[in-house]
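Every chain is numbered from 1 and lettered A, B, ... according to where its sequence line falls, protein lines coming before strand lines.
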Amino acid sequence: MPANRFNGFTDYGIGIGLRVAHYGHILCRKPVVDWFEIISENFMVDGGRPLEVLDRILEQYRVVQHGVSMYFGSAAPLNREHLKRLKRLVKRTGTPWLSDHLCWGSVDGRYTHDLLPMPYTVAAAKTTARKIRQAQDFLEVPIAVENVSSYAEFHASEMSEWEFLTEVVERADCGILLDVNNIYVSSRNHDFDPVDYLNGVPIERVAQIHIAGHSQYRKYILDTHDHPVIDPVWKLYARATALAGPTATLLEWDAQIPSFKEVHREALKAKRFIQPGREVARV
Amino acid sequence: MAEAVMRPLTSRERMQGQTEDGRSMKVVAGEFIKPNKRLTSFERLEIYNRQYWFRLVDCLSEDYPGLRAILGDRKFLTLAEAYLQACPSRSFTLRNLGRGLEGFLQEHPDLTAPRTGPCVDMARLEWAHVEAFDSEARTPLRVEDLKGKSPARIRLRLQPHIQLLTLDYPVDSLVLSVKRDQGLRGDASHTMPGGRSRVRSRIARMLRPEPIRLVVHRWDHVVYYKRIDPLQFQLLEGLRSGFSLQGACDAVLTDAPETLVPEVVQGWFRDGSAMGWFCRRSRG
């Protein structure tokens, strides 16, 4: 699914996250990179250094926005001021699609700055989908929601995570940012088969794929984005691209960040695993 | 769940056994979180509780390395927890997490005693650094742009990223020293900047009262601290509050010592212009 209506009919290839540690290298050396993903919140400011750097990046590269604070799953309505700031940034970057997480994280105006898991209920899916539709209508750009890594499951859940994701994106008529590392992490934490997850989501809605590393603890796995991608995640990635086709892919590396070259090299490994598409039949 | 996630950790960095209203956290967690074969409901909830505190305290530590150096790790952690409980984040971005810290320190001197004065000054400086780092910068005015114009009609604006600070302690030197040490450790992890007692005595030496006027500003993506003369500081404050160039100069020169000749004031403007401090006032 290289180009579809959920990623603005683009075919972006393999990108990496734009991080402060790499600014110097990118601005001076201007390395060849298919695209950069930015964290929207870091650039939702009135001016100053973040926007100066972003403008210089935009002169040379394609940029896609990824958010961490829309909290579609929180009970509170969307914040209009937040949306206005986000839309200003959308106009600046020309992002062909925009992503955020399928989670909640704020309550009564207080932010946890975490991606908290949701109870997988029809009621939650309806509320979440309504907010995604509102955001999409206001921002006038396709939205893709990302599955998160989780460490807890709720008694209240009425369906599996992939069924819930499907319920939300079909009600919202939005795209999916399929994070195969998050699928792997959650599959180990909650004892399910990650292939069931891949087979269970509406693959035609996948706008983008995330890959990343994580940290293995004795009793659980934590999504830390501070390691290279492990082989089982690459295998899942291969499976995902076999189902969806070559899809815009991004490597996330957010802590203990190595050199730009090392991060980019790790991202480009994805080329070895990309399948031409539809080779693995959906069962 | 949010209440449990934001509840402070124990001294051993574990989730507390009881909720705020005295209920068993094990019972509460079990009511809404499923256990699995490896983790109880309590342990699964605890992962989120710990991550919340680790993330937010790390963020404050990153923004306030100088304050942490003055207080030491343990006192800084106590302060961070107290602050985050009293002032939980109400912004979509962690960039704003420390916005209320200076005020909180003034209201709770017990958390920083006996070094409350230096701590408040350091918190002011480190927040000013955050503001200077990513606030707006406008096209700077040059001295040549003002030639031939009447000083009574010239209304300069200070760059929005410029922060003017009146401090009782020379905390600028201390924070630069702390950052230098951190830089050394980053480049060579086995390099130690001296024993703990040497570091403590160095900090104590640097925290003797010494009133300073400081401009925190940005140039080419880097934040700089510049100490300036009190009269020059007064002049910049005058410009910031809307005085014309003539008005701001008159206010300073009225009570100035005889040594303050117009050439000195011109020198201030020349230096400020070279650092891009001035810009045009927006119309309307």
Rounded distance (nearest 0.5 Å) linking atom OG1 of B:Thr93 with atom OH of A:Tyr111: 10.5 Å

Proximity breakdown for A:Ser157 and chain B, heavy-atom pairs closer than 4.5 Å: neither

Side chain / backbone / both / neither for B:Glu31 at chain A, heavy atoms under 4.5 Å: backbone

Heavy-atom closest contact (A:Glu52 atom, B:Ala137 atom, distance): OE2-CB, 3.7 Å

Gap between atom CD1 of B:Ile47 and atom NZ of A:Lys219 - 0.5 Å precision: 10.0 Å

Spacing of A:Arg110 atom CZ and B:Met6 atom CE [to the nearest 0.5 Å]: 5.0 Å

Contacting region of B:Leu56 [heavy-atom separation from chain A under 4.5 Å]: side chain

A:Arg29 atom CZ: more than 12 heavy-atom contacts under 6.0 Å: no

Most contacts with chain B, counted as non-hydrogen pairs under 4.5 angstrom, among A:Tyr151, A:Phe154, A:Trp104, A:Tyr220: A:Tyr151

Portion of A:Leu222 that has a non-hydrogen atom of chain B nearer than 4.5 angstrom: side chain

Side chain A:His190, main chain B:Asn36, donor-acceptor under 3.5 Å: no

Residue, of B:Ser135, B:Ala2, B:Ser91, that accumulates the most heavy atom pairs under 4.5 Å with chain A: B:Ser91

Rounded distance (nearest 0.5 Å) linking atom CG of A:Asp114 with atom OH of B:Tyr52: 10.5 Å

Considering all heavy atoms, the nearest A:Ser150-B:Tyr48 contact: CA-OH, 3.4 Å

Rounded distance [0.5 Å steps], CG in A:Leu116 versus CD in B:Gln51: 11.0 Å

Donor-acceptor under 3.5 Å (B:Arg90 side chain, A:Asp108 main chain): yes

Salt bridge B:Arg44-A:Glu153, side-chain N to carboxylate O under 4.0 Å: yes

Parallel, tilted or perpendicular: ring planes of A:His82 versus B:Phe92, cut at 30 and 60 degrees: perpendicular

Among the listed options B:Arg218, B:His161, B:Arg95, B:Glu3, the residue most often paired with chain A at heavy-atom distances under 4.5 Å: B:Arg218

Interface moiety of A:Met70 toward chain B, non-hydrogen atoms closer than 4.5 Å: neither

Heavy-atom neighbours of B:Lys226 NZ exceed 12 at 6.0 Å: no

Nearest-0.5 Å distance that lies between atom OG in B:Ser41 and atom NE2 in A:His155: 5.0 Å

Which portion of A:Asn79 sits near chain B, non-hydrogen atoms under 4.5 angstrom: neither

Interchain contact, B:Leu94 with chain A, by part (heavy-atom threshold 4.5 Å): both

A:Lys87, NZ: over 12 other non-hydrogen atoms inside 6.0 angstrom: yes

